[in-house]
Novice: 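There's a structure below that I have some questions on.
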Amino acid sequence: MTDCLFCKIVAKEIPADVVLETDRTLAFRDINPQAPMHVLVIPKEHHANAAELAVADDGLADDVLKTAHEVAVREGVAETGYRVVFNTGPGAGQTVFHVHAHVLGGRNLTWPPG
Ligand code: 5GP
Ligand code: ZN
């Protein structure tokens with residue numbers, strides 16, 4: 001997608017602080033972190049949101065979750081706990097319509113979220 005911010009990050013047209021790259025996923029630090037560790041995990045292929053990623057049904061959603069967990073391990077929060085969030089739709093706060101998992105950790109995360 002030519003006009004998608006995260007597709008441009010995948011294409012390296014926009015720089016990002018990449019923490020992990022696999023053949024089908026990319027993980028990079030959020031520009032406006034909401035926790036000491038706040039990384040976004042995306043499929044390199046464009047899908048607008050988690051629902052569209054799920055129906056792609058080719059294992060890509062699994063890959064995104066596996067990368068999210070690997071990021072948590074590498075960042076040292078897998079044992080203490082971390083949160084994976086897919087904001088889906090504008091009412092849930094989604095602002096970038098290339099699906100991304102927020103991986104948050106490094107502080108006590110309260111529930112329910114805001
Ligand atoms: P959403 O609101 O769609 O769930 O999450 C979008 C996230 O992307 C936000 O947390 C925002 O801070 C982050 N973001 C927006 N633009 C950029 C950017 O250019 N680079 C990076 N690394 N993160 C971005
Ligand atoms: Zn995209």
Side-chain angles (χ1 to χ4, degrees):
M1 258 215 182
T2 51
D3 204 26
C4 169
L5 175 65
F6 288 174
C7 282
K8 287 179 180 166
I9 287 178
V10 171
K12 305 209 182 324
E13 291 167 17
I14 292 174
D17 186 357
V18 172
V19 296
L20 182 59
E21 181 168 6
T22 69
D23 56 341
R24 294 210 290 173
T25 69
L26 188 68
F28 52 94
R29 294 194 194 282
D30 196 292
I31 206 166
N32 182 25
Q34 302 301 310
M37 194 280 292
H38 185 175
V39 169
L40 302 175
V41 179
I42 65 171
K44 290 179 177 175
E45 186 177 282
H46 184 91
H47 294 277
N49 55 43
E52 288 192 14
L53 178 63
V55 298
D57 198 24
D58 60 356
L60 191 53
D62 301 17
D63 286 357
V64 169
L65 284 177
K66 284 174 188 154
T67 297
H69 181 64
E70 181 60 26
V71 166
V73 170
R74 291 183 183 209
E75 295 285 318
V77 300
E79 296 293 324
T80 49
Y82 64 95
R83 187 168 291 166
V84 180
V85 175
F86 291 92
N87 293 328
T88 307
Q94 187 176 5
T95 59
V96 178
F97 291 86
H98 180 133
V99 61
H100 47 281
H102 295 261
V103 186
L104 300 139
R107 68 169 167 82
N108 197 29
L109 298 164
T110 58
W111 193 264

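Read the numbers this way: they start at 1 and go in the same order the structure lists the ligands and their atoms.
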Novice: At the Zn ion (ligand 2), what angle lies between atom SG of C7 and atom ND1 of H98, rounded to 10 degrees?
Specialist: 110°

Novice: Which of the atoms in ligand 1, numbered in the order shown and given with their element, are less than 4.0 Å from a heavy-atom of N87?
Specialist: 4 (O)

Novice: Please list the nearest protein heavy atom to atom 24 (C) of ligand 1 with its residue and the distance rounded to 0.1 Å.
Specialist: I31 CG2, 3.5 Å

Novice: Using the rule side chain to side chain contact (heavy atoms under 4.5 Å, CB included), only one of V41, V71, L65, V64 pairs with V84; which is it?
Specialist: L65

Novice: Examine the side chains of H102 and H38 and answer whether a donor and an acceptor come within less than 3.5 Å of each other.
Specialist: yes

Novice: Ignoring hydrogens and angles, tell me if any N or O in the side chain of H46 forms a donor-acceptor pair with the backbone of K44 under 3.5 Å.
Specialist: no

Novice: How about L104 and Y82: do any of their side-chain heavy atoms sit closer than 4.5 Å?
Specialist: no

Novice: Hey, which atoms in ligand 1 end up nearer than 4.0 Å to a heavy atom of F6?
Specialist: 8 (O)

Novice: Are any of the N/O atoms in H38 less than 3.5 Å from those in ligand 1?
Specialist: no

Novice: Could you check whether any side-chain N or O of R24 sits under 3.5 Å from a backbone N or O of E45, counting only pairs where one atom can act as donor and the other as acceptor?
Specialist: no

Novice: From atom 8 (O) of ligand 1, work out which of L40, I9, L5 has a heavy atom at the shortest distance.
Specialist: L40

Novice: Is there a side chain to side chain contact (heavy atoms under 4.5 Å, CB included) between R83 and W111 once you walk through the steps?
Specialist: CA-CA 11 Å; R83 187 168 291 166; W111 193 264; 3.4 Å; yes

Novice: Note the single closest protein heavy atom to atom 3 (O) of ligand 1, along with its residue, its atom name and the distance in Å.
Specialist: T95 N, 2.7 Å

Novice: Which atoms of ligand 1 are found less than 4.0 Å from any heavy atom of F28?
Specialist: 22 (N)

Novice: Tell me, please, if H46 has any N/O/S atom, main chain or side chain, under 2.8 Å from the Zn ion (ligand 2)?
Specialist: yes

Novice: Within a distance under 4.0 Å of any heavy atom of N32, pick out the atoms of ligand 1 and give their elements.
Specialist: 12 (O)

Novice: Got a sec: does the CG of D17 have more than 12 other heavy atoms crowding it under 6.0 Å?
Specialist: yes

Novice: Tell me, please: is G93 in heavy-atom contact with ligand 1, that is, under 4.0 Å?
Specialist: yes

Novice: What is the closest protein heavy atom to atom 1 (P) of ligand 1, and at what distance does it sit?
Specialist: H100 NE2, 3.2 Å

Novice: Check whether any side-chain N or O of R107 sits under 3.5 Å from a backbone N or O of Q34 as a donor-acceptor pair, and report yes or no.
Specialist: yes

Novice: Could you tell me whether V96 and ligand 1 have an N or O pair separated by under 3.5 Å?
Specialist: yes

Novice: A quick test of your reading: do over 12 heavy atoms of other residues, nucleotides or ligands sit less than 6.0 Å from CD of E79?
Specialist: no

Novice: Using a 3.5 Å cut-off on N or O atoms only, is Q94 in polar contact with ligand 1?
Specialist: no

Novice: Does ligand 1 have any atom sitting under 4.0 Å from a heavy atom of D30?
Specialist: yes

Novice: Looking at Q94 and V96, would you say the former's side chain and the latter's main chain have a donor-acceptor pair under 3.5 Å?
Specialist: yes

Novice: Students should be able to answer this: which protein heavy-atom is nearest to atom 22 (N) of ligand 1, and at what distance?
Specialist: R29 O, 2.9 Å

